[in-house]
Amino acid sequence: MNDLGHISMFVSGLLTAGYAVAALFFLKFWRQTRDRLFAWFAASFGLLVVQRMALTITQGTETGSFWFYVVRLVAFLLIAVAILEKNRAEV
């Protein structure tokens, strides 16, 4: 593996760890408040962890890369739904 590959793996690990910390952060607040916004955010960051891990494991192969980005799209849509639901509930 060349230097660029090592850097790519390192950055991917950082992103995965960051997503995991965010998921645990929101899960903690969901357990304290039972606010569904935090549950939606925890789930979306959990999906991003899974997506990033799967993308890193299969790095260099083209098999299923389209589906990795579909999972990322679903995670971002969950965030959008959570925000819309929270704003609609308070009106």
Side-chain angles (χ1 to χ4, degrees):
M1 184 178 288
N2 59 14
D3 287 339
L4 189 57
H6 289 290
I7 292 171
S8 175
M9 292 288 279
F10 177 74
V11 170
S12 186
L14 286 175
L15 285 170
T16 304
Y19 291 149
V21 167
L24 292 173
F25 177 79
F26 287 116
L27 189 61
K28 172 188 162 189
F29 283 110
W30 172 75
R31 290 183 67 197
Q32 290 175 353
T33 65
R34 295 295 185 205
D35 187 350
R36 288 175 46 171
L37 176 78
F38 296 131
W40 285 101
F41 271 62
S44 65
F45 280 103
L47 276 175
L48 289 172
V49 168
V50 170
Q51 184 266 343
R52 179 52 64 177
M53 287 175 59
L55 192 61
T56 302
I57 290 169
T58 61
Q59 184 178 9
T61 64
E62 291 295 321
T63 57
S65 63
F66 169 76
W67 295 108
F68 296 140
Y69 293 101
V70 170
V71 171
R72 179 179 271 178
L73 176 65
V74 169
F76 289 125
L77 288 175
L78 282 177
I79 292 172
V81 166
I83 292 170
L84 290 173
E85 180 183 289
K86 183 70 172 179
N87 287 329
R88 190 188 69 196
E90 291 181 3
V91 173

Worksheet item: Heavy-atom distance under 4.5 Å between the side chains of Val71 and Val50, does that happen here?
Response: no
Fill in: Test side chain to side chain contact (heavy atoms under 4.5 Å, CB included) applied to Tyr69 and Leu73, step by step
CA-CA 6 Å; Tyr69 293 101; Leu73 176 65; over 6 Å; no
Worksheet item: Taking C-beta and beyond as the side chain, do Val49 and Met53 meet within less than 4.5 Å on heavy atoms?
Response: yes
Item to complete: Check side-chain contact (heavy atoms from CB on, under 4.5 Å) between Leu27 and all other residues, then give those that pass, not counting sequence neighbours.
Response: Trp30, Ala42
Practice prompt. Report the C-alpha distance between Leu24 and Phe45 in whole Å, list the side-chain angles of each, state the deciding distance to 0.1 Å, and finish with yes or no for side chain to side chain contact (heavy atoms under 4.5 Å, CB included).
Written response: CA-CA 9 Å; Leu24 292 173; Phe45 280 103; over 6 Å; no
Discussion item. Show every side chain to side chain donor-acceptor pair (under 3.5 Å) that has at least one partner inside residues 38-51, sequence neighbours left out.
Written reply: none
Item to complete: Apply ring-ring contact (aromatic ring centres under 6.0 Å, His included) to Phe76 and list each qualifying residue two or more places apart in sequence or on a separate chain.
Response: none
Item to complete: Apply side-chain contact (heavy atoms from CB on, under 4.5 Å) to Val21 and list each qualifying residue two or more places apart in sequence or on a separate chain.
Response: none
Worksheet item: Leu37 versus Phe41: any side-chain heavy-atom pair under 4.5 Å?
Response: yes
Practice prompt. Please round to the nearest 0.5 Å and tell me the distance separating atom CG of Leu48 and atom CD1 of Ile79.
Written response: 6.5 Å
Item to complete: Quick one: which residue pairs count as a side chain to side chain donor-acceptor pair (under 3.5 Å) with a foot in residues 10-25, not counting sequence neighbours?
Response: Ser12-Thr56
Worksheet item: Quick one: CG on Leu14 to CE on Met9, what's the gap to the nearest 0.5 Å?
Response: 12.0 Å
Item to complete: Return the set of residues passing side-chain contact (heavy atoms from CB on, under 4.5 Å) with Phe29 (not counting sequence neighbours), or none when no residue passes.
Response: Phe25, Gln32, Phe38
